[in-house]
Amino acid sequence: FDAAVIFTSYSQNPLPAAMLCYQAGIKAVLGYCRENPYRLISHWIPDREPLDYIVHEVQRQLQLVETVGAATSDTNLTLRVPGESRQTIRTRLAALRVGKDRPWLVLHAGVSEEKRCYPADEYISACRSLIGQGYEIVLTGSSSEQGYVNNIARRLGDGAANLAGELSISELMALIAAAPVLISNNTGPVHIAAAVGTPVVVLYAMTTPQPTPWKVSSRVLYFAVRADLRTKNRLLQAFPDVSGPQASPLAITAAVNELVRHASCEIELRY
């Protein structure tokens, strides 16, 4: 390669990736770095986060590439969902009779890091309340999260359809694109939802504040990380003061209803 761009959050060190670029003979390397990287990063941008300010992760990376002239007026996320995956999901939802007679939503409760996982009991309490209001719940998760999601499904009974471990990535994208609302932790499906325009309720662990849903209708509900799971990275220990709503089953239910009402109003205004 002639050039490389190293995208890191402010808590990540770019120098291991920069060393790989150096060993590969890549001369032009762009990246943030807190320390002077000398010849490892030819286009070095001193990293001022989080000591001087904190910006959204998307904004951080756009600002990085703007320093070498790569600017855009369209800062929305985009994601192409294959047509065959959309058809597969339509067929699966029809077979489950989801969305036929009642409002519905997707809950993606699993997460790769335990510290970012909202408690299952709280999810179940919120879902029971939503089911009582007439919602159908579609549960998703990776194959590694299947046992965790199966437990939630058993406790929710007939009010939930369980697709954990059964969908490809493209089918998960199609399901989220079709869903009226997604509930999840701060994890990958939240960003899929942002890219396809699906409203999101995100249960947000107080770890890193930058990757909230980007340019999509959302409600961010914060919760504290368990003491024994908190980071040893001192740059992340001082999570910014949060004045927004705190996560709870009641807050989740209210957030879903707000987003559904907002979406309905937008449709009425459009037509």
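Every value quoted in this text rests on a predicted model; they were computed, and no experiment measured them.
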Is the number of heavy atoms from other residues, nucleotides or ligands under 6.0 Å of [X] [atom1] greater than 12?
| X | atom1 | answer |
| --- | --- | --- |
| Leu250 | CG | no |
| Asn36 | CG | yes |
| Phe7 | CZ | yes |
| Arg97 | CZ | no |
| Lys215 | NZ | yes |

Give the minimum heavy-atom separation between [X] and [Y], together with the two atoms involved.
| X | Y | value |
| --- | --- | --- |
| Tyr123 | Tyr148 | CD1-OH, 4.2 Å |
| Gly134 | Arg102 | O-NE, 3.0 Å |
| Arg34 | Pro50 | NH2-CD, 3.9 Å |
| Pro37 | Ile41 | CG-CB, 3.7 Å |
| Val216 | Thr198 | CG2-O, 3.4 Å |
| Leu15 | Cys33 | CD2-SG, 3.9 Å |

Open item on the list: As a quick check of understanding, evaluate side chain to side chain contact (heavy atoms under 4.5 Å, CB included) for Tyr32 and Gln12, giving each step before the final call.
Closed with: CA-CA 10 Å; Tyr32 293 108; Gln12 296 170 331; over 6 Å; no
Task: Hydrophobic cluster (4.5 angstrom, side-chain heavy atoms) - remaining members for Val111 - done: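 Joined to Val111, directly or through intermediates: none.
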Open item on the list: Checking one residue: Trp214. Which other hydrophobic residues are in its cluster under the side-chain 4.5 Å linking rule?
Closed with: Val58, Leu62, Leu77
Sequence neighbours left out, what passes side chain to side chain contact (heavy atoms under 4.5 Å, CB included) with [X]? Give chain and number order.
| X | value |
| --- | --- |
| Arg128 | Ile124, Arg155, Leu156 |
| Val55 | Glu49, Tyr53, Gln59, Arg60, Gln63 |
| Asp74 | Thr72, Asn76 |

Open item on the list: Tell me which one of Asn257, Ile183, Leu107 satisfies side chain to side chain contact (heavy atoms under 4.5 Å, CB included) with Ile252.
Closed with: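 The single option meeting the side chain to side chain contact (heavy atoms under 4.5 Å, CB included) with Ile252 is Ile183.
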Task: Residue that, paired with Leu163, satisfies side chain to side chain contact (heavy atoms under 4.5 Å, CB included) out of Leu175, Val149, Leu172, Val106 - done: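 Testing each of Leu175, Val149, Leu172, Val106 against Leu163, the sole residue satisfying side chain to side chain contact (heavy atoms under 4.5 Å, CB included) is Leu175.
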With the 4.5 Å side-chain cut-off for hydrophobic clustering, are [X] and [Y] part of the same group?
| X | Y | answer |
| --- | --- | --- |
| Val5 | Leu40 | no |
| Ile45 | Val65 | yes |
| Tyr38 | Val29 | no |

Value rounded to 0.5 Å, distance of [atom1] in [X] from [atom2] in [Y]:
| X | Y | atom1 | atom2 | answer |
| --- | --- | --- | --- | --- |
| Glu136 | Leu130 | CD | CG | 12.5 Å |
| Glu57 | Gln61 | CD | CD | 5.0 Å |
| Ser42 | Tyr22 | OG | OH | 12.5 Å |
| Leu203 | Leu221 | CG | CG | 6.0 Å |
| Thr140 | Leu182 | OG1 | CG | 7.0 Å |
| Asn185 | His108 | CG | NE2 | 7.5 Å |

Open item on the list: Apply side chain to side chain contact (heavy atoms under 4.5 Å, CB included) to residues Ile6 and Leu30 and explain how you reach the verdict.
Closed with: CA-CA 6 Å; Ile6 301 173; Leu30 170 66; over 6 Å; no
Donor-acceptor pair, distance only, cut-off 3.5 Å: does the side chain of [X] make one with the backbone of [Y]?
| X | Y | answer |
| --- | --- | --- |
| His43 | Ala28 | no |
| Thr91 | Gln87 | yes |
| Glu66 | Ala71 | no |

Open item on the list: side chain to side chain contact (heavy atoms under 4.5 Å, CB included) for Tyr135 and Val181? Distances and angles first, verdict last.
Closed with: CA-CA 11 Å; Tyr135 285 91; Val181 180; over 6 Å; no
Task: Close side-chain approach of Ile89 to Leu167, heavy-atom, < 4.5 Å - done: yes
Task: Stepwise side chain to side chain contact (heavy atoms under 4.5 Å, CB included) check, Thr8 with Asn13 - done: CA-CA 7 Å; Thr8 55; Asn13 191 328; over 6 Å; no
Open item on the list: Strictly below 4.0 Å, N to O, side chains only: are Arg92 and Glu171 in salt-bridge contact?
Closed with: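 Not counted as a salt bridge, because no side-chain N and carboxylate O are separated by less than 4.0 Å.
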Residues 186-195, side-chain donor-acceptor partners within the protein, below 3.5 Å, at least two apart:
unit_1	atom_1	unit_2	atom_2	d
Asn186	OD1	Ala205	N	3.3

